[in-house]
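This report refers to the structure that appears directly beneath it.
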Amino acid sequence: MLAGYFHDGDMINENLRNLFSNKDIKVEPIYDENDKKTEDNKMIVNFVGFITDNKNRTYVSFPKHFSVNNLQNDARLIFNCIQAHRQRNPSLYFGKFGMKIYDSSYPFAFFYNIYDYFNKYGLYRKIETKIKSNSGGKINWKSTINKGRKFIINNNYIPFPIYYNNKQYLYNFVTKCMIFVIDYTIDTFPFLVNKKKTGEPFPNDNLFLKEENKSIIIHNLRKIDSITFKDHEKKLINNLILFFLSLKKGGKFYLKHYNFSIIWENMVEKYLDRYFQGVDTNKNNRLIFSQDRNKKYKFKKTTFHPNLANKKQSIQPDHYYEDEENRYIFDAKYYNQVLGINYKQVSYVFFLRDYVGNKSTNISKKTYSSLILPFEKRKTKIHFKMNPRFSKLFEDMIIGEEYLDIREVIKAYLD
């Protein structure tokens, strides 16, 4: 049951303080109205995801600046966003870094891998071929010749009866495991997982419902895996094994992403590649987006080495693209608010404005630079505009703050 929500970066509600672990909380300084640090600190929410109290009530932590319209639908949207990022970037979620950025009490990743198999192949069934006479199907000539009686009619050899191969698709233990994983997950998390169930009877024995039987399930799956040779079937069985190894019955449900900024960066890149149309030079280089998908722009994180004294040192804008006329330098920023000058973005313009790449012939390209941030709705403001008293060479430098509707960016990412 969904009981309420807050946002990543919100101050901790003291009434809900006991829900949070130390990792769920971040201590930040409080700034005054002039964006200067005060001596006071505040405790804020440090994750996007889901957390449950002792009464099995689930609270949602939404991303920064996400405007909640419908708690049920929006919770599912955020859940799907996190799961999509995990599936598209699996290497990020392994090892120490994976443990640092993501934690969940339920093995959703393995569930989705199993459901992908179900979508593509249906339930796993063991195929047995039985040879029967006069049953129709594909003729088994070897059995027909060896077992059938021989007749010669009009100088033609005619065997009888005709034997046929009959394939039977039988349920086995793997099938039962699939039914349990899929239907149990959908039944347990109807407020998050919007998938169709298998439509098969739920396994009515207690094997899957008792924690002490986990070792039996895993042992049986490993035995089947040892005699399975098709890659997609071995992958299915391996995901079933990992699911049951990770499944914890009882306890509080939680799912927490501690670094939503990497998801925001990933989503922004897809949004730029799909909808970016250029800049409006009449409106302080405001970025232009259109629902008509573009095929021209392909942004990517690009590494540059401008320091001849130490060529190992580098700069790396999040989203970089250039053509013969223009250069675009964008950085995704997952902030609640922008405080002070973003010196890194300013330095990108200094370093790259006259950059000549291997394929470039035009050194007089126009450079456009912006920070791209989440917000409740689309808006633009100027982050930095060069005072010509400080630089005539860069007097046309403008760095924008481009705020995108985070809901629309998430929907585009999931599309």
Side-chain angles (χ1 to χ4, degrees), residues 7-9 28-37 44 63-67 260-273 275-290 297 299-302 304 306 314-322 326-355 365-409:
H7 288 82
D8 185 15
E28 282 194 347
I30 295 176
Y31 290 82
D32 62 21
E33 62 275 9
N34 297 315
D35 294 338
K36 292 184 178 181
K37 286 184 183 180
I44 62 171
K64 295 172 182 178
H65 295 294
F66 184 93
S67 181
F260 197 80
S261 61
I262 62 173
I263 300 181
W264 175 246
E265 181 183 321
N266 213 224
M267 293 193 299
V268 166
E269 183 161 297
K270 182 172 182 179
Y271 197 82
L272 286 168
D273 287 348
Y275 299 121
F276 178 69
Q277 302 290 338
V279 299
D280 188 341
T281 55
N282 294 319
K283 294 184 178 180
N284 291 311
N285 300 340
R286 174 187 171 94
L287 303 193
I288 302 170
F289 294 94
S290 169
Y297 301 98
F299 287 86
K300 64 178 181 178
K301 184 186 283 284
T302 307
F304 302 91
S314 64
I315 59 173
Q316 192 178 54
D318 290 340
H319 312 290
Y320 182 86
Y321 176 83
E322 63 174 297
N326 301 304
R327 175 182 288 109
Y328 304 96
I329 310 169
F330 303 147
D331 238 36
K333 297 299 180 188
Y334 179 65
Y335 293 165
N336 255 335
Q337 63 181 122
V338 177
L339 298 173
I341 298 173
N342 191 286
Y343 298 107
K344 186 169 73 169
Q345 195 67 13
V346 174
S347 71
Y348 287 163
V349 179
F350 276 102
F351 281 126
L352 298 174
R353 175 180 146 158
D354 296 322
Y355 169 71
K365 295 182 181 183
K366 181 67 176 175
T367 298
Y368 300 101
S369 176
S370 287
L371 306 174
I372 301 181
L373 306 104
F375 202 62
E376 293 88 350
K377 60 183 180 180
R378 178 79 175 96
K379 72 171 186 175
T380 301
K381 64 181 290 189
I382 297 175
H383 174 73
F384 180 88
K385 188 170 185 177
M386 178 62 77
N387 184 336
R389 293 172 59 191
F390 289 84
S391 175
K392 290 292 184 182
L393 182 62
F394 287 89
E395 65 179 352
D396 62 344
M397 181 197 294
I398 297 176
I399 297 174
E401 291 177 16
E402 298 288 341
Y403 294 86
L404 303 182
D405 184 335
I406 186 171
R407 175 188 296 276
E408 294 304 316
V409 175

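Keep in mind that the numbers below use all heavy atoms, side chains included, and drop hydrogens, waters and symmetry copies.
Applying the side-chain contact (heavy atoms from CB on, under 4.5 Å) criterion to Asn326, with sequence neighbours excluded, gives Asp323, Tyr328, Lys366, Tyr368. In this structure, the ring pair (Phe, Tyr, Trp, His ring centres under 6.0 Å) partners of Phe299, at least two apart in sequence or on a different chain, are Phe276, Tyr321, Phe330. For Glu401, there are no salt bridge (Lys or Arg N to Asp or Glu O under 4.0 Å) partners two or more places apart in sequence or in a different chain. The ring pair (Phe, Tyr, Trp, His ring centres under 6.0 Å) check on Tyr271 picks up Tyr275, Phe289, with sequence neighbours excluded. With sequence neighbours excluded, the residues that form a ring pair (Phe, Tyr, Trp, His ring centres under 6.0 Å) with His65 are Phe375.
The structure places NZ of Lys381 at 13.0 Å from CG of Asn284, a figure rounded to the nearest 0.5 Å. Once rounded to the nearest 0.5 Å, the distance linking CD1 of Ile262 with CE of Met267 reads 11.0 Å.
Under the 4.5 Å side-chain criterion, counting only non-hydrogen atoms from C-beta, Trp264 is not in contact with Lys333.
Side chain of Arg353 to backbone of Met397: no donor-acceptor contact under 3.5 angstrom is found. A donor-acceptor distance shorter than 3.5 angstrom exists from the side chain of His383 to the backbone of Asn342, with no hydrogens or angles considered.
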Per-pair distances, 0.1 Å, donor-acceptor, side chain in residues 344-352, under 3.5 Å, sequence neighbours excluded:
{"unit_1": "Gln345", "atom_1": "NE2", "unit_2": "Ile329", "atom_2": "O", "d": "3.0"}
{"unit_1": "Gln345", "atom_1": "NE2", "unit_2": "Ser369", "atom_2": "OG", "d": "2.9"}
{"unit_1": "Gln345", "atom_1": "NE2", "unit_2": "Ser370", "atom_2": "O", "d": "3.4"}
{"unit_1": "Ser347", "atom_1": "OG", "unit_2": "Lys344", "atom_2": "O", "d": "2.6"}
{"unit_1": "Tyr348", "atom_1": "OH", "unit_2": "Gln316", "atom_2": "O", "d": "3.4"}

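Note that Lys64 lies in the cation-pi zone of Tyr334, set by a 6.0 Å cut-off to the ring centre and a 45° limit from the axis.
Ion pair Lys301/Asp318 flagged as a salt bridge, since at least one NZ, NE, NH1 or NH2 atom sits closer than 4.0 Å to an Asp/Glu carboxylate oxygen. Salt bridge annotation for Glu402-Arg378: present, with a cationic side-chain nitrogen under 4.0 angstrom from a carboxylate oxygen.
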